[in-house]
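Right, one structure below, let's go through it.
What you see below is based on every heavy atom in this structure, not just the backbone, and it leaves out hydrogens, waters and symmetry mates.
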Amino acid sequence: MGKKSSSSASSSSVWSRGGWRYLHPSRYLKKPKRLALLIFAFLFLNYFLWDRRTLSSAHQLKVTELNQQVTSLQNQVQELKIKLRGAGVQRKIIGIGDNNINNIKKKEADLDDEDPINIERRQKVKEAMLHAWNAYEKYAWGQDELQPQTKNGVDSFGGLGATLVDSLDTLYIMGLKEQFQRAREWVANSLDFNKDYVASVFETTIRIVGGLLSAFDLSGDDIFLQKARDIADRLLPAWNTASGIPYNRINLAHGHAHNLRWAGGNSILADSGTEQLEFIALSQRINDPKYQQKVENVIKEFHKIFPSDGLLPIYINPHSGTTSHSTITFGAMGDSFYEYLLKAWIQGNKTEAVKHYRDMWETSMKGLQSLIRKSTPSSFAYICEKTGNSLFDKMDELACFAPGMLALGSIGYGPGEAERFLALAEELAWTCYNFYQSTTTKLAGENYFFRTGQDMTVGTSWNILRPETVESLFYLWRLTGNKTYQEWGWNIFQAFERNSRVETGYVGLKDVNTGVKDNMMQSFYLAETLKYLYLLFSPPSVIPLDEWVFNTEAHPLKIVTRSPDEREEE
């Protein structure tokens, strides 16, 4: 065996010599002072050990509590990131300034302070989007539009996947990542524009070019930009006219362009003046000015013939650049020209380089006021149509974009004018909401007539899931904070759910009073109607209006400041 250490040996000898006697009770009972000392020592030792144990326990509890708080904060940050990313909110981590920090804090506060009712309603709209999208995926994947009743797809836009491309940004904004990724793969691998198909330049621009650019601005995925450039290049020959005002139809494979016979060979105002946002954005993203130059030349040509009231007829000769005797309207074939005058100014961040857009728009708004009449007996404000010097008491549901446009444009006026235009916007929105409330189904017809003593009566009685009224409610809520507009939007959404939802998607109505259904789920129901409804119940920090501008198909594009001397360089 090995030897013990000296300390061990010494200790052993002490106890062998009677060291145990110090623990015997009799030693202390005989001497009270020793007993008191022992009790004191015992109490002191016990207190010391208990205090150490308590401190250790308290410390451990505090550490645990702090760890829980850290974990909770990490989870909240992660949830916030997911919400912001799903909403398309872009954060700059490098070079953050005070303004950006304040913006981030505001966005976080918006999410934290949300009304539970808005959260629930937004979720219902998201579920509606999933219902529509899942039906499209199942029965019409890659085709332009779904026919829900017969469970098949149709290529109403030449097989460009219109519903899929139109839905990209809606999926992204709603945080539907898996659905967005599947759509992205189809765009990358199957979207082909080399088709012997005569396309509408207008519809292809607002749905396809706009949808792809918006998906790029939100996701940063270059495949969308590549595809947008491809289709834009195929559309460009449409601008090869004597005046530069484009033809409205073009063969995507061969580049042959022309106008429709029923328009007498003329170009249509809205079709020719509603490509500015998309083509300017494309030029900015790829640093190639040719697209921007084509569409801005159109505005220069329109400026040459711009009347004092800013109201252009719907037919324009693409060779001479002159107008033809035709209707003036804020409805079909006129509407989005006026919308883009305002939004091109916003897209350029309201600088001197884009001031001419604002000036033309303000002139047109003077003309719009000359078209306003009020019904009897209820004084509903409405926008007339005009031919020559005659006004017609008819208003399209399409013209219900105007309240939102007026509200959005009011911010560029001085205080008095701003209030006046906002008040007009609110009056017109009330009329548009009543387009819905006046029918049996609570869905609006395509257009309305105003006859003395009758207020409003449905003209064309179908409803094809249009977004214009909801669009205006979205802008008015964002700009006024008045929750009444959210309530109106919710009522309209519920009417769509009651009347248009079927097992395999959503359909329009052949008649808004009988409720008889059609067999088409328009791509803009996913691109516009459901998106605007979703944003109507989302915080203002989701696609904020000072950072994004919506094209006429509700595709948000990033606002990019244009330099003051840019017009001289063009």
Side-chain angles (χ1 to χ4, degrees), residues 132-133 135-137 139-148 150-170 183-215 223-240 246-263 267-268 270-272 274-275 278-279 282 291 294 332-333 336 464-465 505 508 518-528 551-555:
W133 179 258
Y136 171 76
E137 270 201 276
Y139 298 110
W141 182 247
Q143 294 184 269
D144 286 327
E145 291 179 307
L146 168 66
Q147 293 184 309
T150 49
K151 301 179 182 179
N152 65 287
V154 290
D155 284 334
S156 38
F157 297 96
L160 305 183
T163 293
L164 188 149
V165 176
D166 244 354
S167 300
L168 286 166
D169 51 9
T170 307
R184 184 263 179 211
E185 293 306 314
W186 185 89
V187 169
N189 300 317
S190 302
L191 181 55
D192 179 17
F193 298 126
N194 189 29
K195 296 180 182 295
D196 187 10
Y197 170 74
V198 178
S200 162
V201 175
F202 165 73
E203 296 289 358
T204 306
T205 297
I206 66 172
R207 298 181 195 232
I208 308 303
V209 180
L212 292 168
L213 286 173
S214 183
I223 188 61
F224 299 120
L225 190 58
Q226 294 174 29
K227 293 290 184 177
R229 184 173 193 170
D230 182 0
I231 186 62
D233 284 339
R234 295 174 185 276
L235 297 175
L236 274 184
W239 278 265
N240 295 337
Y247 291 116
N248 299 149
R249 310 285 292 182
I250 191 167
N251 186 293
L252 295 179
H254 306 297
H256 302 317
H258 65 277
N259 280 334
L260 294 162
R261 288 183 180 178
W262 58 257
S267 295
I268 295 169
D271 288 20
S272 301
T274 311
E275 289 89 11
E278 297 83 0
F279 277 61
L282 180 60
Y291 309 96
K294 290 286 188 185
M333 298 190 286
S336 50
I464 57 172
L465 309 170
D518 68 16
N519 187 29
M520 183 67 74
M521 187 171 76
Q522 304 282 346
S523 81
F524 53 67
Y525 187 65
L526 292 79
E528 299 186 75
N551 86 336
T552 197
E553 190 79 2
H555 296 308

Taking the side chain as C-beta and beyond, is there a heavy-atom pair between L282 and E275 under 4.5 Å?
no
Between Y197 and N251, is there a side-chain heavy-atom distance shorter than 4.5 Å?
no
Can you list every salt bridge (charged side-chain N to carboxylate O under 4.0 Å, His left out) pair that touches residues 224-240, not counting sequence neighbours?
R229-D288, D230-R234, D233-K290
Interatomic distance, CG@D169 vs CZ@F224, rounded to 0.5 Å, equals 10.0 Å
Show me, pair by pair, the donor-acceptor contacts under 3.5 angstrom made by side chains of residues 203-212, not counting sequence neighbours?
| residue | atom | partner | partner atom | Å |
| --- | --- | --- | --- | --- |
| E203 | OE1 | R207 | NE | 2.8 |
| E203 | OE1 | R207 | NH2 | 3.2 |
| T204 | OG1 | S200 | O | 2.7 |
| T205 | OG1 | V201 | O | 2.7 |
| R207 | NH1 | S523 | OG | 2.6 |

Rounded distance (nearest 0.5 Å) linking atom OG1 of T150 with atom CE of M520
8.5 Å
To the closest 0.5 Å, what do you measure between CG (L465) and CD (E528)?
11.5 Å
Could you go through the side-chain hydrogen bond (donor to acceptor under 3.5 Å, both in side chains) check for S336 and T552 one step at a time?
CA-CA 7 Å; S336 50; T552 197; 4.6 Å; no
Is a side-chain N or O of T170 found less than 3.5 angstrom from the main chain of L526, in a donor-acceptor match?
yes
Looking at Y136 and G153, would you say the former's side chain and the latter's main chain have a donor-acceptor pair under 3.5 Å?
no
Apply side-chain contact (heavy atoms from CB on, under 4.5 Å) to residues L260 and R249 and explain how you reach the verdict.
CA-CA 7 Å; L260 294 162; R249 310 285 292 182; 4.0 Å; yes
W186 and G161 have their tightest heavy-atom pair at CH2-CA, 3.9 Å
With no hydrogens and no angle check, is any side-chain donor or acceptor of S267 less than 3.5 Å from a backbone partner on S272?
no
Rounded to the nearest 0.5 Å, what's the gap from CG on L146 to OH on Y525? Could you check?
13.0 Å
If you compare all heavy atoms of W133 against all heavy atoms of S167, which two are closest, and at what distance to 0.1 Å?
CZ3-CB, 3.6 Å
Tell me whether D518 contacts the main-chain N or O of G508 through its side chain, where contact means a donor paired with an acceptor under 3.5 Å.
yes
Please answer whether the main-chain N or O of G158 pairs with a side-chain N or O of D144 as donor and acceptor at a distance below 3.5 Å.
yes
Are N519 and P148 close enough that some pair of their side-chain heavy atoms sits under 4.5 Å apart?
yes
Shortest non-hydrogen pair, P237 vs A257, comes out as O-CB, 4.5 Å
Student check: side-chain heavy atoms of N551 and E278 closer than 4.5 Å:
yes
Side-chain donor-acceptor contact under 3.5 Å, N248 with H258
no
Pairwise side-chain contact, I231 with L252, heavy-atom cut-off 4.5 Å (strictly under)
yes
Does the side chain of L236 come within less than 4.5 Å of K294's, by heavy atoms?
yes
Pair R184-V187, side-chain contact (heavy atoms from CB on, under 4.5 Å): steps then yes or no
CA-CA 5 Å; R184 184 263 179 211; V187 169; 5.7 Å; no
About how many Å separate OH of Y247 and NE2 of H256, when rounded to the nearest 0.5 Å?
13.0 Å
Check: L160 and D192 side chains under 4.5 Å, non-hydrogen atoms:
no
Do the side chains of E145 and F157 get nearer than 4.5 Å, heavy atoms only?
yes
Atom CH2 in W141, atom OG1 in T163: separation rounded to 0.5 Å?
11.0 Å
Applying side-chain contact (heavy atoms from CB on, under 4.5 Å) to L213 and H555, what does each step give before you reach the verdict?
CA-CA 8 Å; L213 286 173; H555 296 308; over 6 Å; no
Ring center gap for W239 and F279 short of 6.0 angstrom:
yes
Before you tell me yes or no, could you show the steps for V154 and Q143 under side-chain contact (heavy atoms from CB on, under 4.5 Å), namely the whole-Å CA-CA distance, both residues' side-chain angles and the distance that decides it to 0.1 Å?
CA-CA 6 Å; V154 290; Q143 294 184 269; 5.6 Å; no
